[in-house]
Amino acid sequence: MLAGVSETPVADEGKPAGKGRPTPKRDEARKRRRAATPTNRKEAAALRRQRLREERTAQRQALITGDERHLPPRDAGPARRMARDVVDGRFTVGQVFFGLVLAVLFLSFVKNSAVQIATNAVMLVLLIAVVLDAVRVGRLAKRKVEEKYGAKDATGITSYATIRALQPRRLRRPPARVTRSSST
């Protein structure tokens, strides 16, 4: 042997030598995993209910705050986020639809037949305008998502954006992240 050279290898100063513990035997690892599971059906069902309750609470909170990590699958993902931004970045007729419906409803109680005919006509035109505007915004959102993420991620975007466009802006969940602009 050469002088000054030891037989045991020395780890570099920057790299850790190991994980600091021996690898467990397979049967020991199995026992540890089994110990964490409940022993009977009643405990398993209670544990499952508790876990689902915590998930639902986290999803509900994420819908209110807009936290991307815990959103439900319906709202999760970059394609859905982009569709929400497209819808939220513009004014839609659906945002004021319910207020206008209330106004038309009150006008329909007037006993004048000309006012009632006009009210019914306005209501029909308003309903058609809301549906056409929502579908237009939904298609625009799908087109933008397809351009950025491809056709596979654009599946279901039209209906998702259309339904969001029908909702008043304050009631949308997750809340709007972008401000309205005329350029979008």
Side-chain angles (χ1 to χ4, degrees), residues 45-184:
L47 186 64
R48 183 173 178 269
R49 281 193 305 271
Q50 176 66 24
R51 189 179 71 247
L52 290 174
R53 189 177 308 119
E54 290 169 0
E55 287 176 13
R56 283 192 304 269
T57 303
Q59 287 178 353
R60 199 173 313 117
Q61 188 64 28
L63 283 173
I64 294 170
T65 61
D67 182 15
E68 294 281 333
R69 295 172 297 158
H70 300 291
L71 284 176
R74 175 194 66 184
D75 298 309
R80 299 291 172 124
R81 183 180 335 112
M82 184 177 193
R84 286 193 302 269
D85 291 346
V86 168
V87 173
D88 296 339
R90 63 186 54 246
F91 175 80
T92 61
V93 181
Q95 294 174 2
V96 295
F97 176 70
F98 293 107
L100 293 174
V101 165
L102 285 175
V104 168
L105 179 68
F106 288 127
L107 286 175
S108 69
F109 289 121
V110 174
K111 294 296 179 187
N112 188 345
S113 63
V115 172
Q116 287 181 343
I117 290 171
T119 303
N120 287 340
V122 167
M123 187 63 169
L124 183 62
V125 169
L126 185 62
L127 181 65
I128 291 171
V130 166
V131 171
L132 290 177
D133 183 51
V135 170
R136 181 185 59 85
V137 171
R139 287 184 176 174
L140 174 69
K142 181 177 181 173
R143 188 170 56 246
K144 289 191 175 194
V145 168
E146 275 183 352
E147 288 173 4
K148 187 164 185 176
Y149 298 108
K152 184 177 180 190
D153 286 341
T155 304
I157 293 294
T158 303
S159 60
Y160 179 76
T162 300
I163 291 170
R164 190 167 176 92
L166 292 173
Q167 298 170 344
R169 186 175 171 95
R170 287 185 185 182
L171 300 179
R172 292 178 183 164
R173 295 290 176 248
R177 299 180 322 139
V178 296
T179 58
R180 287 190 204 124
S181 66
S182 58
S183 63
T184 305

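Bear in mind that the values here come from a model prediction, so they are computed numbers and not experimental data.
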Q: Of all the heavy-atom pairs spanning Val130 and Gly94, show the shortest one and how long it is.
A: CG1-CA, 4.2 Å

Q.
Measuring only between side-chain heavy atoms, which start at C-beta, is Arg143 closer than 4.5 Å to Val86?
A. no

**Q.** Beyond-backbone contact of Val96 with Phe91, side-chain heavy atoms, under 4.5 angstrom
**A.** yes

(Q) Looking at every non-hydrogen atom in both residues, tell me the closest pair between Gln59 and Pro73 and how far apart they are. (A) NE2-CD, 4.1 Å

Q. Are Val101 and Met123 side-chain neighbours, meaning at least one heavy-atom pair lies under 4.5 Å?
A. yes

Q. Considering all heavy atoms of both residues, which atom of Pro174 and which atom of Gly66 are nearest to each other, and what is their separation?
A. CB-CA, 4.1 Å

Q | Gap separating the CG atom of Leu107 from the CG atom of Leu100, nearest 0.5 angstrom | A | 10.5 Å

Q.
Hydrogens and angles aside, do Gln167 and Arg164 bring a side-chain donor and acceptor to less than 3.5 Å of each other?
A. no

(Q) If I compare all heavy atoms of Thr92 with all of Ala165, which pair ends up nearest, and what's the gap? (A) OG1-O, 3.1 Å

Q) How many angstroms lie between atom NZ of Lys144 and atom CD1 of Ile157, to the nearest 0.5 angstrom? A) 13.5 Å

Q: Indicate yes or no: at least one non-hydrogen side-chain atom of Pro78 is less than 4.5 angstrom from one of Glu68.
A: no

Q) Please, which pairs that meet side-chain hydrogen bond (donor to acceptor under 3.5 Å, both in side chains) have at least one residue in residues 147-156, sequence neighbours excluded? A) none

Q) Hey, what do you get for CD (Glu54) to CZ (Arg49), rounding to the nearest 0.5 Å? A) 13.0 Å

Q | Side-chain touch Arg80/Leu71, heavy atoms, less than 4.5 angstrom | A | no

Q) Rounded to the nearest 0.5 Å, what separation is found between the CZ atom of Arg60 and the CG atom of Leu63? A) 9.5 Å

Q: Spell out, as yes or no, whether a donor-acceptor pair under 3.5 Å connects the side chain of Gln116 to the backbone of Ser108.
A: yes

Q: Taking all non-hydrogen atoms of both residues into account, name the closest pair between Ala83 and Val145 and its distance.
A: N-CG2, 4.2 Å

Q.
Would you say that Arg84 contacts Asp75 through its side chain, given a criterion of any heavy-atom pair below 4.5 Å between the two side chains?
A. yes

Q) Quick one: which of Arg180, Arg177, Arg172 gives a salt bridge (Lys or Arg N to Asp or Glu O under 4.0 Å) with Asp88? A) Arg172

Q) Taking the side chain as C-beta and beyond, is there a heavy-atom pair between Arg139 and Lys142 under 4.5 Å? A) no

**Q.** Approximate separation, where rounding is to 0.5 Å, of Phe106 CZ and Thr119 OG1
**A.** 12.5 Å

Q) If you round to the nearest 0.5 Å, how far is CZ of Arg173 from CG of Leu171? A) 7.0 Å

(Q) Restricting to non-hydrogen atoms, name the atom on Val93 and the atom on Asp133 that form the minimum distance, rounded to 0.1 Å. (A) N-OD2, 2.9 Å

